[in-house]
Each structure stands twice: as C-alpha cells, then as structure tokens.
2 protein chains.
Amino acid sequence: MRAQTTDFAQALRKAGLRVTQQRVVLLSKLMEAVDHPTAEDLFARICAVDDSISLATVYRTLSALEEAGLIRKLSFESEPARFEITPTAEHDHLVDVDTGEVIEIASEEINRLRSELVTRLGYEIVSHHALIRARKI
Amino acid sequence: MRAQTTDFAQALRKAGLRVTQQRVVLLSKLMEAVDHPTAEDLFARICAVDDSISLATVYRTLSALEEAGLIRKLSFESEPARFEITPTAEHDHLVDVDTGEVIEIASEEINRLRSELVTRLGYEIVSHHALIRARKI
DNA sequence: GTTAATGCAAATCTTTTGCATGCGG
DNA sequence: CCGCATGCAAAAGATTTGCATTAAC
C-alpha cells in the first residue's frame with residue numbers, strides 16, 4: 001500500500017502535476033477497480049473513504065491524468081465515459097449487450113495488422129480503441 | 001433522384017415506419033453526405049432546403065432509423081455522435097488528430113481475426129466499431 | 001509567498017421528453 | 001378517422017467553468 005501510494009505520487013510528479021490527496025486517492029481507486037468505472041462511479045467510491053472531494057475535481061483530475069497518459073478514457077455508445085489505468089498491452093473491449101459486462105480482449109495479430117494498414121495509409125497510430133458489442137452464443 | 005426517393009420510402013415502409021417528408025429528407029441528406037455528420041450538421045443541411053423540421057425530429061428520426069438498422073451511430077470520443085448510412089461492408093474509422101478528418105478503413109483480414117477471437121470466447125458479434133486516432137507521418 | 005488545485009454552484013452542451021397539433025395510412 | 005409523427009419548449013444527464021478559498025511546492 002505504502003509503496004503504491006508512493007508510486008502514484010512519483011507518476012504524478014513525473015507528469016508535472018502536483019501531488020494532491022484527491023489525485024492519489026483517485027488513482028488508487030482506479031487501480032484497484034476491476035471494472036471500468038465512470039466519473040460518477042469513482043466519485044462514489046472515493047467519497048466512501050474520503051468525502052472531501054467534489055465531482056468537479058473528479059472530472060478535472062480525470063482530464064489531467066488522461067492528458068498525462070496515465071489513464072485512458074473509453075467512450076461507449078450513448079453512455080457516460082469510462083476510465084481505466086493506461087494498459088501496458090493494447091487491448092479492445094467486448095461489451096455483452098445483454099448483461100452490460102465488459103471484457104478486455106487482445107490480439108497481437110490484430111494489433112499488428114491494424115498497425116500495418118495504418119502505416120500503409122501514411123499515418124502513425126496515436127491511439128486506438130475497438131468496441132465490440134456481442135452476445136453469448 | 002426520383003428513384004432514390006422511392007427507395008427511401010420503401011426502406012422506411014419495410015422497417016415499419018411511416019413515410020414522412022422529414023424522414024425521407026434526412027435519409028437523402030445522410031446518403032449524399034461524404035462526411036459523417038452530427039445531428040446538428042444534418043439539422044442545418046436539412047433546414048437549408050426545408051426548414052419545416054425541428055432538431056427534436058432529427059434526433060427522433062436518427063434513433064428510429066438506427067433501431068431499424070438503416071443507419072449507424074458512431075460515438076467518437078467526447079464529441080457529439082455522428083451518423084452514416086449502414087455500410088454494406090464493415091469498416092472502421094481513422095481520425096486524423098490534427099485535421100479531424102475521418103477516413104474509412106477496412107480489412108477483411110482484421111474482421112476475420114476479430115470474429116474468430118470473439119467466437120472462441122463464446123460470443124457472436126452484434127456490431128463492432130474501431131476508432132483509430134492517428135497522425136500523418 | 002506563488003501558483004496551481006479545489007469546492008461549490010451555475011452554466012453549457014447534447015440529447016430526450018411531455019404535450020398539443022397535424023399528417024399518413 | 002385513428003394513431004403515429006411532429007414542433008415547441010422544457011427537462012434531463014453528463015461534463016465544464018467562474019470564482020473565491022485552500023493547499024502544494
């Protein structure tokens with residue numbers, strides 16, 4: 001725990017951001033999340049342990065952390081945005097249309113093909129995100 | 001022109017929707033669009049030729065047409081939704097982060113791999129959409 | 001001490017909805 | 001005619017912002 005808190009502080013400093021209690025708590029809550037929480041979700045989870053945070057700060061912090069590349073924003077269809085700690089390996093998301101469950105899927109093969117295709121068009125990928133809506137067979 | 005209008009009417013009827021002037025105009029404007037317009041964009045383009053439409057109707061029509069499978073809704077990051085006529089071949093979108101330009105990209109290879117991967121997880125794809133943010137090299 | 005970050009509340013932006021009216025079948 | 005579709009205006013939901021205050025460095 002202690003070590004992790006320090007890590008968050010270092011990551012924030014490295015990104016040129018001040019180390020505030022709110023930012024550290026938000027990062028830790030996002031790190032321990034097994035789902036992909038929305039800003040409201042995070043706000044509720046943080047309030048449970050420390051109610052000295054406002055929703056506005058959650059949004060501002062999420063923006064700052066995204067800009068710094070520490071977290072990733074996921075835009076699902078007609079839903080509030082969801083967030084995750086920036087993944088080490090690029091992956092996509094499969095949403096179960098019946099249950100709403102989100103599953104992370106990755107394929108080196110697909111990533112490689114996509115990268116080739118984009119390069120052939122004269123571009124370099126800044127980021128990508130594939131959203132697959134699917135149903136259990 | 002005449003033939004196309006008829007086509008729109010038929011498509012609407014087949015979807016069990018009433019054929020109204022607003023729906024036909026919206027479909028034709030979306031069909032002739034080379035970009036991926038937002039609801040506001042479409043509203044403006046329709047108003048230019050027929051100002052007897054409201055923004056609410058644009059939204060309602062877009063929802064109805066999407067539900068009927070005639071059009072596809074694209075959710076880009078932190079932007080209003082964009083729409084396109086349902087493509088015959090599945091494709092993804094590359095957004096030029098500098099210019100905002102949207103390019104359609106498709107790869108049978110990627111589609112096949114993705115499909116296999118999802119099947120292996122015990123799911124069948126309902127829809128999918130990959131968004132690649134990229135920059136010219 | 002400076003400056004950036006925060007909390008609060010109000011504002012903004014996109015999208016949806018209630019209701020009376022009008023048009024399509 | 002009947003019922004769905006429309007226009008208008010108001011509401012809703014997510015996110016952003018102005019401003020005074022507080023905390024980080």
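The sequence lines fix the lettering, A, B, ..., with proteins before strands; numbering per chain opens at 1.
Considering B:Arg112, B:Arg114, B:Arg72 as possible partners of B:Glu90, the one that fulfils the salt bridge (Lys or Arg N to Asp or Glu O under 4.0 Å) test is B:Arg72. Each of B:His91, B:His93, B:His129 was scored for a ring-ring contact (aromatic ring centres under 6.0 Å, His included) with B:His36, with one residue passing: B:His93.
Heavy-atom nearest nucleotides on DNA chain C were determined for B:Thr20 and for B:Glu79, and the one closer to the 5' end corresponds to B:Glu79. Residue order along DNA chain D, read from the 5' end via each residue's closest nucleotide, puts B:Arg18 first among B:Ala56 and B:Arg18. Mapping A:Ile53 and A:Ser78 onto DNA chain C by nearest heavy atom places A:Ile53 closer to the 5' end of the strand.
With B:Arg23 contributing its side chain and B:Arg18 its backbone, the two residues share a donor-acceptor pair below 3.5 Å. Within the 3.5 Å criterion, the main-chain N or O of B:Ser115 finds a donor-acceptor partner in the side chain of B:Thr119. Remark: the backbone N or O of A:Thr38 is paired with a side-chain donor or acceptor of A:Asp41 at under 3.5 angstrom.
Neither OP1 nor OP2 of C:dG24 sits under 4.0 Å from any side-chain N or O of B:Arg23. Remark: A:Gln22 is in phosphate contact with C:dG7, judged by side-chain N or O atoms under 4.0 Å from OP1 or OP2. Between C:dT15 and B:Tyr59, a contact under 4.0 Å exists linking OP1 or OP2 to a side-chain N or O.
Following rounding to the nearest Å, B:Arg60 (CZ) and C:dC19 (P) show an atom-to-atom distance of 13 Å. Note: CD1 (A:Ile46) to P (C:dT6) measures 11 Å, nearest angstrom. For B:Glu40 and C:dT16, the CD to P distance is 13 Å, given to the nearest whole Å. Distance A:Leu17 CG to C:dA5 P: 7 Å, rounded to the nearest Å. Note: CG (A:Leu55) to C1' (C:dT6) measures 13 Å, nearest angstrom. The CZ atom of B:Arg82 sits 16 Å away from the C1' atom of C:dT15 (whole-angstrom rounding). Rounded to whole angstrom, the span from the CD atom of A:Glu67 across to the P atom of C:dA5 amounts to 12 Å.
Salt-bridge annotation for A:Lys29 and A:Asp35: absent, with no side-chain N of the basic residue lying under 4.0 Å from a carboxylate O of the acidic one.
Taking a heavy-atom distance under 4.0 Å as the criterion, the stretch of DNA chain D touched by chain A extends 5' to 3' from D:dA14 to D:dC25.
Other residues sharing a hydrophobic cluster with A:Leu131 under the 4.5 Å side-chain heavy-atom criterion for ILVMFWY residues are A:Leu74, A:Phe76, A:Val95, A:Val102.
In this structure, B:Ala81 reaches the sugar-phosphate backbone alone: every heavy-atom distance under 4.0 Å involves primed, P, OP1 or OP2 atoms, never a base.
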